[in-house]
Amino acid sequence: MHFTSAQRLDDGVLEREFTLGEIPGTLWTPESAAPAPLILIGHNGGLHRREPRLVARARHSVAYGYAVAAIDAPGHGDRPRSAADEQARADLRRAMQAGEPVDEIFESFIGPLVEKTVPEWRTTLDALLPLPEIGGPVGYSGWTAVGIRLAAVEPRIAAAGFFAGGYVPRAQREEARQITIPLLLLLQWDDEGNPRQRALDLFDAFGSKEKTLHANMGGHAGTPWFEVEDGNRFFGRHLR
């Protein structure tokens with residue numbers, strides 16, 4: 001791991017950019033010298049790890065005493081998009097504009113992306129956890145498809161908060177039955193691109209004895225900010 005920049009923000013948060021091979025990432029840590037539990041923030045939809053909403057979430061969690069890390073998945077943020085990525089996105093836009101089914105397009109695009117992204121998160125964990133300012137345990141917040149696979153194969157993940165607003169491939173819907181860690185699932189009740197019943201079925205499928213569903217009115221991008229605070233309290237119950 002190579003840190004490429006560092007700055008102390010006005011709220012005392014130390015923000016550092018890093019590279020790990022081809023993986024670009026950002027690490028936010030609190031001002032305290034004590035080792036902090038780590039939260040991984042996963043994002044999809046082609047977003048950059050520096051997208052303002054994601055940075056705001058990270059800094060809010062650091063204020064609660066956590067270290068937070070985000071990486072750009074393949075084809076996201078600073079990572080180049082392959083010809084296959086661009087074709088899949090074009091096919092998706094065309095199908096949505098025509099009102100055609102899109103599940104198979106998502107399967108062909110999201111499934112391989114999960115397979116590529118999860119090993120990168122595990123490599124990132126290997127590099128982050130030895131840092132003296134990080135003390136574990138580890139939580140995961142965000143992209144559900146990647147989070148399910150990561151929680152299924154990575155025993156260092158102790159709790160997870162998932163956003164039900166993204167497509168979850170059939171393989172991960174089946175893997176959800178293997179997940180037994182504490183979970184918090186956020187659902188936007190009127191999400192125009194993600195069927196409500198599919199999210200409810202996924203919640204049922206999780207094997208966790210402790211799982212919580214928070215449903216709020218509104219569309220895909222309308223998740224209330226107070227859910228960030230509730231998420232930090234959720235992690236406080238399981239990472240401390």
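Because the structure is predicted, anything quoted here is derived from the model rather than measured.
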A.B. asks: Does some side-chain heavy atom of W121 sit less than 4.5 Å from a side-chain heavy atom of V118?
C.D. replies: no
A.B. asks: Tell me whether R59 is salt-bridged to D11, with the criterion being a basic N under 4.0 Å from an acidic carboxylate O.
C.D. replies: yes
A.B. asks: So, R57 and E227, do they make that salt bridge, N to O below 4.0 Å?
C.D. replies: no
A.B. asks: To the nearest 0.5 Å, how far apart are CD1 in I110 and CD in Q172?
C.D. replies: 10.0 Å
A.B. asks: List the steps and the verdict of side chain to side chain contact (heavy atoms under 4.5 Å, CB included) for E210 and H238.
C.D. replies: CA-CA 11 Å; E210 182 174 342; H238 302 293; 2.9 Å; yes
A.B. asks: Calculate, to the nearest 0.5 Å, the distance between atoms OG1 and CG belonging to T144 and L183 respectively.
C.D. replies: 10.0 Å
A.B. asks: Distance-only, no hydrogens or angles: does the E15 side chain make a donor-acceptor pair with backbone N or O of W28 under 3.5 Å?
C.D. replies: no
A.B. asks: Hey, quick one: are V62 and L129 part of the same hydrophobic cluster, counting side-chain heavy atoms closer than 4.5 Å, chains of contacts allowed?
C.D. replies: no
A.B. asks: I would like to know whether R173 and D201 meet salt bridge (charged side-chain N to carboxylate O under 4.0 Å, His left out); could you show each step before the answer?
C.D. replies: CA-CA 9 Å; R173 284 179 245 164; D201 290 343; over 6 Å; no
A.B. asks: Give, for atom CD of E107 and atom CZ of R170, the distance between the pair rounded to the nearest 0.5 Å.
C.D. replies: 4.0 Å
A.B. asks: When clusters are formed by joining ILVMFWY residues with side-chain heavy atoms under 4.5 Å apart, either directly or through shared neighbours, do L131 and Y66 land in the same one?
C.D. replies: no
A.B. asks: State, yes or no, whether a side-chain contact exists between F235 and S141 at a heavy-atom distance under 4.5 Å.
C.D. replies: yes
A.B. asks: So, does E51 use its side chain to make a donor-acceptor pair with the main chain of R53 at under 3.5 Å?
C.D. replies: yes
A.B. asks: Can you list the steps and then say if Q188 with F163 is a side chain to side chain contact (heavy atoms under 4.5 Å, CB included)?
C.D. replies: CA-CA 9 Å; Q188 283 302 101; F163 291 81; over 6 Å; no
A.B. asks: Under 3.5 Å, is there a donor-acceptor pair between the side chain of S32 and the main chain of A34?
C.D. replies: yes
A.B. asks: Of the non-hydrogen atoms in I148 and V168, which two are nearest, and what is the gap between them?
C.D. replies: CD1-CG1, 4.0 Å
A.B. asks: Could you label the plane-to-plane angle of the F106 and Y167 rings as parallel, tilted or perpendicular, counting under 30° as parallel and over 60° as perpendicular?
C.D. replies: parallel
A.B. asks: Mind listing the closest non-hydrogen atom pair of A164 and L185 along with its distance?
C.D. replies: CB-CD1, 3.9 Å
A.B. asks: Between A36 and G65, what is the shortest heavy-atom contact and its length?
C.D. replies: CB-O, 3.3 Å
A.B. asks: Does CD in E86 sit with more than 12 non-hydrogen atoms of other residues, nucleotides or ligands closer than 6.0 Å?
C.D. replies: yes
A.B. asks: Once side-chain contact (heavy atoms from CB on, under 4.5 Å) is applied, do any residues pair with T212, and if so which ones, sequence neighbours excluded?
C.D. replies: L184, H214
A.B. asks: On a heavy-atom basis, which atom in G166 and which in N194 lie closest, and how many Å separate them?
C.D. replies: C-OD1, 3.6 Å
A.B. asks: Is the shortest side-chain heavy-atom distance between P182 and K211 below 4.5 Å?
C.D. replies: no
A.B. asks: If you measure from OG1 on T26 to CD1 on I41, what distance do you get to the nearest 0.5 Å?
C.D. replies: 10.0 Å
A.B. asks: Could you check whether D78 pairs with R50 (Lys NZ or Arg NE/NH1/NH2 to Asp/Glu carboxylate O, under 4.0 Å)?
C.D. replies: no
A.B. asks: Given a cutoff of under 4.5 Å between side-chain heavy atoms of I, L, V, M, F, W and Y, with clusters grown through shared members, what are the other residues clustered with V228?
C.D. replies: W225
A.B. asks: Side chains of F109 and L92: does their closest heavy-atom pair fall under 4.5 Å?
C.D. replies: no
A.B. asks: Quick check for you: to the nearest 0.5 Å, what is the distance between F234 atom CZ and N232 atom CG?
C.D. replies: 11.0 Å
A.B. asks: Check R94 with E100, please: is the shortest side-chain N to carboxylate O separation under 4.0 Å?
C.D. replies: yes
A.B. asks: Would you mind reporting whether F3 and E17 have side-chain heavy atoms less than 4.5 Å apart?
C.D. replies: no
A.B. asks: Would you check if T117 and P74 make a side-chain contact, meaning some heavy-atom pair closer than 4.5 Å?
C.D. replies: yes
A.B. asks: Just wondering, do R89 and R81 contact through their side chains at under 4.5 Å, heavy atoms?
C.D. replies: yes
A.B. asks: Would you say I23 and W143 are hydrophobically clustered, going by side-chain heavy atoms of ILVMFWY under 4.5 Å?
C.D. replies: yes
A.B. asks: How close do P137 and A158 get, counting heavy atoms only, and between which atoms?
C.D. replies: CB-CB, 4.1 Å
A.B. asks: If you measure from the Lys or Arg side-chain nitrogens to the Asp or Glu carboxylate oxygens, is any gap between R177 and D204 under 4.0 Å?
C.D. replies: no
A.B. asks: Please say yes or no: joined through hydrophobic side-chain contacts below 4.5 Å, possibly via intermediate residues, are V55 and L128 part of one cluster?
C.D. replies: no
A.B. asks: So which atom in F226 and which in N216 form the shortest heavy-atom distance, rounded to 0.1 Å?
C.D. replies: CZ-OD1, 3.5 Å
A.B. asks: Side-chain contact, heavy-atom cut-off 4.5 Å: V68 with L38?
C.D. replies: no
A.B. asks: Any chance you could measure I39, atom CD1, to L239, atom CG, to the nearest 0.5 Å?
C.D. replies: 6.0 Å
A.B. asks: Judged by atom type as modelled, is there a donor-acceptor pair below 3.5 Å linking the side chain of R79 to the main-chain atoms of D72?
C.D. replies: yes
A.B. asks: Between I71, T124, I157, which is the residue that forms a side chain to side chain contact (heavy atoms under 4.5 Å, CB included) with L40?
C.D. replies: I157
A.B. asks: Would you say the ring centers of F162 and F206 fall short of 6.0 Å from each other?
C.D. replies: yes
A.B. asks: Provide the full list of side-chain hydrogen bond (donor to acceptor under 3.5 Å, both in side chains) pairs with a residue in residues 151-160, sequence neighbours left out, each pair given once.
C.D. replies: R122-E154, D126-R156, E154-R156
A.B. asks: Any chance you could lay out the side chain to side chain contact (heavy atoms under 4.5 Å, CB included) test for T29 and V13, step after step, and finish with the verdict?
C.D. replies: CA-CA 6 Å; T29 50; V13 174; over 6 Å; no
A.B. asks: Checking side chain to side chain contact (heavy atoms under 4.5 Å, CB included) for the pair W189/L187: CA distance, chi angles, key distance, verdict?
C.D. replies: CA-CA 6 Å; W189 201 245; L187 168 63; 3.7 Å; yes
A.B. asks: Test R198 against D191 for salt bridge (charged side-chain N to carboxylate O under 4.0 Å, His left out), laying out the working first.
C.D. replies: CA-CA 11 Å; R198 183 177 290 172; D191 192 332; over 6 Å; no
A.B. asks: Report yes or no: does R16 contribute a side-chain atom to a donor-acceptor pair with the main-chain N or O of A6 at less than 3.5 Å?
C.D. replies: no
A.B. asks: Taking L150 as the starting point, is it possible to reach L202 by hopping between hydrophobic residues whose side chains are less than 4.5 Å apart?
C.D. replies: yes
